Colleague: 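A single structure is presented below for examination.
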There are 4 protein chains.
Amino acid sequence: MAMDKTERRVELLRAARDVFSTKGYHAAKVDDIVARAGVAKGTFYLYFPDKRSVFVELVDGLFSRLGAAILHVDSHADIQAQVKHNIRGIVAVLLDDPALTQLLLSFAPGLDPAFTTKLQSFYDGVKQLLKTSLDEGQTIGIVGPGDTSMYATFTIGALKEILAESTGSGPVRPREQIVDGLYQLLESGYLHASTPAPAPNNPPTKPKRRGGTRTST
Amino acid sequence: MAMDKTERRVELLRAARDVFSTKGYHAAKVDDIVARAGVAKGTFYLYFPDKRSVFVELVDGLFSRLGAAILHVDSHADIQAQVKHNIRGIVAVLLDDPALTQLLLSFAPGLDPAFTTKLQSFYDGVKQLLKTSLDEGQTIGIVGPGDTSMYATFTIGALKEILAESTGSGPVRPREQIVDGLYQLLESGYLHASTPAPAPNNPPTKPKRRGGTRTST
Amino acid sequence: MAMDKTERRVELLRAARDVFSTKGYHAAKVDDIVARAGVAKGTFYLYFPDKRSVFVELVDGLFSRLGAAILHVDSHADIQAQVKHNIRGIVAVLLDDPALTQLLLSFAPGLDPAFTTKLQSFYDGVKQLLKTSLDEGQTIGIVGPGDTSMYATFTIGALKEILAESTGSGPVRPREQIVDGLYQLLESGYLHASTPAPAPNNPPTKPKRRGGTRTST
Amino acid sequence: MAMDKTERRVELLRAARDVFSTKGYHAAKVDDIVARAGVAKGTFYLYFPDKRSVFVELVDGLFSRLGAAILHVDSHADIQAQVKHNIRGIVAVLLDDPALTQLLLSFAPGLDPAFTTKLQSFYDGVKQLLKTSLDEGQTIGIVGPGDTSMYATFTIGALKEILAESTGSGPVRPREQIVDGLYQLLESGYLHASTPAPAPNNPPTKPKRRGGTRTST
DNA sequence: AATGAATGAGAGTTCATTCAT
DNA sequence: AATGAATGAACTCTCATTCAT
């Protein structure tokens, strides 16, 4: 069954993405991918040199879309608008392709030392970019004192987690709610315990053992 | 080399942990593990039914230590102390065994659908516990309005990320700095842009294209 | 690019010959052949039923040219002229198409049991023909005593080797030098050790261990 | 079924040799080899890193035995004895393992460009060694004038051919007959046409077309 | 208990051949 | 006639697991 060459390639990429995101890289067999794409095994190798390279291409594509979505924040203009714009952009790119996001967040690390390095350096780049903005912000007083590189890490972690949850089995939330929620976290936190002077005979609070969920075996 | 049965088991677990955390589950061969433990291949199967189960046992052990470290927060006592205590506990458990932490944070997700589910439900449990506390806090006014389940997710994400970084190639930071940093994020965020009235001819700030690092291949 | 049917066939044969002689039968892919011929893959199968048959056709063509070059030697006429004529003919046929010669001498044996048999029987035919002449010569006393079938084999072996060398990376030699050299070998050998009476205390000559080149890896 | 590790290795080598020599490198499947050795597929890879390396090891072993059999000829001692000794040595090594000889003579060239080079350089070494002896002989007058490198080539070719024949489907001949036959060729040739003055009206002998075997398909 | 040789199911990849256009 | 995308049988190699010693 002939087909536009590009179209077939895309079809295979889509199939690969779906299978990878469901089973992970290793459990996904080339047989699964071609079955899903509805082609013969050999056809796969007309479009990709090997299994690994499809995976890499998928992640690379996502990386480049993410890269395009992240803009440097100009400290002299409306910060909130810019920050939210960035968050919104990232959220949009990832939630637009939940399967691919799953693949990135769950399975990409398990691939390869080589690939792990690449992954690492992508995240490092993003962190660095963010840190630079934060340092700038600190200079002009709109970012609180403290380790900006740690702030960058927190931010990225929070974002990853909410997106992993959203693309996984988590609750569906309007994107804007995610954006606003995260922004609010960054802007003012959520925990406003006005550090009540502990009652004299209330020693440094030995917290009680929690009773709840113990997940073992 | 005669050896206590338990000791050998522990040695194998340790070896497995090291190999898994270095190469990931799939790249870690049973041969690598036994080589590192200094025993013969067959011996491995005297102590564990299969490769997967060592991995699972390692993660389960970590889970149970983590579970023990997380305490329910009593809203009527010193919140800050309790929250920090919790964070400190989690951080301690994980940084005390960086290899195992790497394994949990980087490689556990990519293992198995079955295992992913287990992982999921552990995190869900933690999130739920956290959310419950937050809900309680919201009632008495020490947690800001908003989606507490999202806050829980953010918090866990931030924690995961900083710990992954710390056990990976990231900078070494005093544990207390991590604890304080995260607490501060939760308590007041870091971004204090008092939304400056934009200059009249400064419309809702179109952010500039970032020029920097593009990580794609 | 329209083209005479025969011409295209010849072009494919030439391409196949070149690729086969360079890489050997198995390393030569149909893709290589069609690429060299500048046609599409499918076209190959319009002219040949399969890969093997091109190879066979090439060798068969060479065989038939060789067969035509080899003449029966008439014992009653000028032997030297006839023998040299034969050698010259064979040399001409093979050196005129060095690639094909390489293919025949280097790669043809490794192809197939079936093909090996065919090859065998060609050589057997030539040997038989030669042996018949030698037997005839022996009768009239111009061929020395001894196993004529073995002489035939030697002759063919010497010829094969010098031609393999000449079409391979060996030195280029004028054809007539090859012809004369081989003829001389057949006619009087090259080793004229008049078996010098060994010195009394020189027992049956234990040859010395050679020190030189040992080619092994 | 446990077994001495070396013994099993040898068994696999033997099996490989037999299969290779029968079907050639490419037609010989690892399955064939292990079937003949009576072991499972995986076992093969306990002893050899890959298919190619068994082949190489086989040929290398033969090379080293051949190398050991070839001695430099001392021009000042009994030439005939030494030359025959060398021939006898080579013949012995090869006829002692006919299968391996088949493999070397028929299938080794078709393996690999890399391997072909190695093969080449082994033969070149032998040729060079022989040529050196011949040059020496020429100096002291026991080797006739002419291109010694060509003589070397002829000699090797003749030897190869008789051995290929002997290890293949050819007639069985006492080894000493081969040795003597070849020595005689080198020493005096076999064709003793006393170049009869052609009868006046017997022009430079146009040989008659041969009627015999025409091998074409 | 310990060993490590043996196993064999299974995976990725190749490539001669087919066939719809 | 020509094309080149598609096919799928076949092959090599891997590695978790077994088991005789």
Side-chain angles (χ1 to χ4, degrees), chain A residues 1-5 7-9 12 26-34 37-54, chain B residues 1-5 8-9 26-35 37-54, chain C residues 1-5 8-9 26-35 37-54, chain D residues 1-5 7-9 26-34 37-53:
Chain A
M1 196 183 296
M3 196 177 222
D4 184 340
K5 231 183 159 212
E7 205 180 331
R8 173 118 310 164
R9 213 186 126 82
L12 276 164
H26 288 97
K29 309 302 171 195
V30 174
D31 270 326
D32 298 329
I33 297 172
V34 297
V39 298
K41 190 124 125 251
T43 303
F44 179 89
Y45 291 92
L46 290 177
Y47 294 89
F48 304 97
D50 51 29
K51 182 185 165 188
R52 188 180 187 276
S53 73
V54 218
Chain B
M1 195 185 293
M3 200 175 223
D4 184 346
K5 200 159 184 252
R8 176 136 294 175
R9 217 186 122 84
H26 287 98
K29 310 301 172 196
V30 174
D31 269 322
D32 298 329
I33 296 171
V34 296
V39 299
K41 192 123 143 250
T43 305
F44 179 91
Y45 290 90
L46 294 176
Y47 293 89
F48 304 97
D50 53 29
K51 181 184 168 189
R52 189 179 185 277
S53 73
V54 216
Chain C
M1 195 185 294
M3 199 174 225
D4 184 345
K5 201 159 183 245
R8 176 136 293 176
R9 218 186 122 83
H26 287 99
K29 310 302 172 197
V30 174
D31 269 321
D32 298 329
I33 296 171
V34 297
V39 301
K41 192 123 144 248
T43 305
F44 179 91
Y45 289 89
L46 293 176
Y47 293 89
F48 304 96
D50 52 30
K51 181 185 166 187
R52 188 178 185 279
S53 72
V54 216
Chain D
M1 197 183 294
M3 196 176 220
D4 185 340
K5 231 183 160 213
E7 206 180 331
R8 174 119 308 165
R9 215 187 126 83
H26 288 98
K29 307 305 170 194
V30 174
D31 270 327
D32 298 329
I33 296 172
V34 297
V39 298
K41 192 129 117 245
T43 304
F44 178 90
Y45 291 93
L46 290 177
Y47 294 88
F48 304 97
D50 51 28
K51 181 185 166 188
R52 188 180 186 278
S53 74

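Note that the structure is predicted; figures quoted are calculated from it, not measured. Convention: sequence-line order gives letters A, B, ...; per-chain numbering from 1.
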Colleague: With nearest nucleotides of DNA chain F determined for D:Ala28 and C:Ala40 from heavy-atom distances, which residue corresponds to the more 5′ nucleotide?
Modeller: C:Ala40
Colleague: Has D:Lys5 got a side-chain N or O lying under 4.0 Å from the OP1 or OP2 atom of E:dA5?
Modeller: yes
Colleague: Once you round it to whole Å, what is the distance between C1' of E:dA16 and NE2 of C:His26?
Modeller: 12 Å
Colleague: If you take all heavy atoms of C:Lys29 and C:His26, which pair is closest and at what distance?
Modeller: NZ-O, 2.9 Å
Colleague: So A:Leu12 and A:Phe44, do their side chains get closer than 4.5 Å, heavy atoms only?
Modeller: yes
Colleague: What is the distance, to the nearest angstrom, from the CZ atom on A:Arg52 to the P atom on E:dG12?
Modeller: 14 Å
Colleague: Is it the case that D:Lys5 places NZ or CZ above or below the six-membered ring of D:Tyr47, under 6.0 angstrom from the centre and within 45 degrees of the axis?
Modeller: yes
Colleague: Mapping D:Gly38 and C:Pro49 to their closest nucleotides on DNA chain E, which lands nearer the 5' end?
Modeller: D:Gly38
Colleague: Quick check: on DNA chain E, is the nucleotide nearest A:Val30 upstream (toward 5') of the one nearest A:Gly42, or the reverse? Name the residue that is more 5'.
Modeller: A:Val30
Colleague: Select one nucleotide: of E:dT14, F:dA1, E:dT17, the one nearest the side-chain heavy atoms of C:Leu46.
Modeller: F:dA1
Colleague: Could you check how far NZ of C:Lys51 sits from C1' of E:dT17, rounded to whole Å?
Modeller: 12 Å
Colleague: Which pair of non-hydrogen atoms, one from C:Tyr45 and one from C:Asp50, has the smallest distance, and what is that distance?
Modeller: CE2-CA, 4.0 Å
Colleague: Think D:Tyr47 has a side-chain N or O under 4.0 angstrom from the OP1 or OP2 of E:dA6?
Modeller: yes
Colleague: F:dA2 phosphate, OP1 or OP2: any side-chain N/O from C:Arg8 under 4.0 angstrom?
Modeller: yes
Colleague: To the nearest Å, how far apart are A:Phe44 CZ and F:dA5 P?
Modeller: 17 Å
Colleague: Partner lookup for F:dC11, please. Criteria are Watson-Crick or G-U wobble with both distances under 3.5 angstrom; report none if nothing qualifies.
Modeller: E:dG12
Colleague: A:Tyr45 side chain N/O closer than 4.0 Å to the phosphate oxygens (OP1, OP2) of E:dT13?
Modeller: yes
Colleague: If you only use heavy atoms from C-beta on, which nucleotide in F:dC11, E:dA2, E:dT7 is closest to the side chain of D:Lys29?
Modeller: F:dC11
Colleague: Rounded to whole Å, how long is the line connecting atom CZ of A:Phe48 with atom P of E:dG12?
Modeller: 15 Å
Colleague: Under 4.0 Å between any heavy atoms, over every strand shown, what does D:Lys41 touch: base, sugar-phosphate, or nothing? Just pick one.
Modeller: base
Colleague: Checking A:Arg8 against A:Leu46 for the side-chain contact (heavy atoms from CB on, under 4.5 Å) test, could you report, in this order, the C-alpha distance in whole Å, the side-chain angles of both residues, the deciding distance, and whether it holds?
Modeller: CA-CA 10 Å; A:Arg8 173 118 310 164; A:Leu46 290 177; over 6 Å; no
Colleague: Whole Å only: how far is the CG atom of B:Asp50 from the P atom of F:dT18?
Modeller: 9 Å
Colleague: Is there a Watson-Crick or G-U wobble partner for E:dA6 with both distances under 3.5 Å, and which nucleotide is it?
Modeller: F:dT17
Colleague: Between F:dG8 atom P and A:Asp31 atom CG, what is the distance in whole Å?
Modeller: 12 Å
